[in-house]
Amino acid sequence: MKITTWNVNGLRARLTHVIDFLREHEPDVLCLQETKVVDDAFPREQLEDCGYNIEFWGQKSYNGVAILSRHRVEDVVRGLPGDLDDPDVERRVLGCIVQDFMILDLYVPNGQEVGGDKYRFKLDWFRRLRQFLDARYSVTEKVAVVGDFNVALQDRDVHDPIAWHERILCSTPERRAMQNVLAFGLSDLLREHHPETGIWTWWDYRTGGEKTDRGLRIDYILTTPPATALCREIQVHKDIRKAKSPSDHAPVTAVFADGGA
DNA sequence: ATGGTTGGAGCCCAA
């Protein structure tokens, strides 16, 4: 089972990038974030023509998540508990089961600025996510919680930890809120295989980070022990940055061996 | 350098 997560920053602007990626890497499951497209305008056919079943949950301009799968998709869930009560809720969560994997695709709120309303919303969102994991998921199952978490967990996940000290994406309360999600029983899978610094998944368009490789690692694949044990490799596709008009995020892919019994 | 660029909307917002 090969699972990829990718914040595409606008699916319609990045459709050829996504199709090229599917053809080159053939993931079993591709989880997308920031599709920024309403469901009626989702480019379904072109992706289905690549051989994928698709679930999506989008809205105008902002947010939006989608899951593409070469296999049957079952038990689809949209939003955190209570989200569906609000028609204007930010569409950030899409879960499903593919074969024997429970998959949860997340676009965690950015938070914008430490201490602001959106920051408090982000911290509370992490708390609600942990409650959702406790209620619906089990550490004895194969679970992959993937997506853009908008948190660099440790200083080794930041190109310049001094410049980023206690700034948004790096502040201690954000790191604690995400660590509390990991404490459900999830591993930061990339760190099981690659402990070194210098691995980034996001480069700020504004600071030219894209050209200078000043990045942060804010996109993750988090796994329960049965899934962690089966992982054979995990990598960041930083080569996508060489494409014309790339997303500001790189895809992250994990390959899992078939679990017996 | 407290800057800068981008996507999608609609004459700015969020990132």
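Numbered from 1 within each chain, the chains take letters A, B, ... in sequence-line order. Every value quoted in this text rests on a predicted model; they were computed, and no experiment measured them.
Rounded to whole Å, atom P of dT6(B) lies 12 Å from atom NE2 of His17(A). One interatomic measurement links the two molecules: CG of Asp160(A) to P of dT2(B), which rounds to 16 Å at whole-angstrom precision. Rounded to a whole Å, the CD atom of Gln59(A) is 11 Å from the P atom of dA9(B). Protein atom CG of Asn9(A) is 7 Å distant from nucleotide atom P of dG8(B), rounded to whole Å. For Gln33(A) and dG7(B), the CD to C1' distance is 16 Å, given to the nearest whole Å.
Taking atom P on both dA15(B) and dA9(B), the two are 16 Å apart, rounded to the nearest angstrom. One P atom belongs to dC12(B), the other to dT2(B), and the distance between them is 25 Å to the nearest Å. Between dC11(B) and dA1(B), the distance separating the two P atoms is 36 Å to the nearest Å. With both ends at atom P, the span from dG7(B) to dG3(B) equals 23 Å, rounded to whole Å.
Within the structure, side-chain hydrogen bond (donor to acceptor under 3.5 Å, both in side chains) pairs that include any residue of residues 178-187 of chain A comprise Arg130(A)-Asn180(A) (at least two apart or interchain). For residues 71-115 of chain A, the set of pairs meeting the ring pair (Phe, Tyr, Trp, His ring centres under 6.0 Å) definition, not counting sequence neighbours, comprises Phe101(A)-Phe256(A).
In summary, Asp83(A) and Arg92(A) do not engage in a salt bridge, as defined by a charged side-chain N under 4.0 Å from a carboxylate O.
A heavy-atom distance below 4.0 Å to DNA chain B is reached by none of the residues of residues 37-50 of chain A.
As a member of the Ile/Leu/Val/Met/Phe/Trp/Tyr network built from side-chain separations under 4.5 Å, Ile218(A) groups with Val114(A), Tyr119(A), Leu123(A), Val158(A), Trp164(A), Ile168(A), Leu169(A), Trp202(A), Leu216(A).
Between Val93(A) and Val65(A), the closest side-chain pair of non-hydrogen atoms is not below 4.5 Å.
Between the side chain of Asp28(A) and the main chain of Arg70(A), no donor-acceptor pair closer than 3.5 Å is present. In this structure, the side chain of Thr224(A) does not engage the main chain of Ser138(A) through any donor-acceptor pair within 3.5 Å.
In this structure, the side-chain hydrogen bond (donor to acceptor under 3.5 Å, both in side chains) partners of Arg72(A), at least two apart in sequence or on a different chain, are Glu74(A).
Within the model, atoms CD1 of Ile240(A) and CH2 of Trp6(A) stand 5.5 Å from one another, a figure rounded to the nearest 0.5 Å.
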Could you go through nucleotides 11-15 of chain B and list every protein N or O atom that sits under 3.5 Å from one of its N or O atoms, giving the distance for each pair?
unit_1  : atom_1 : unit_2    : atom_2 : d
dA14(B) : O5'    : Lys118(A) : NZ     : 3.4
dA15(B) : N6     : Arg206(A) : NH1    : 3.4

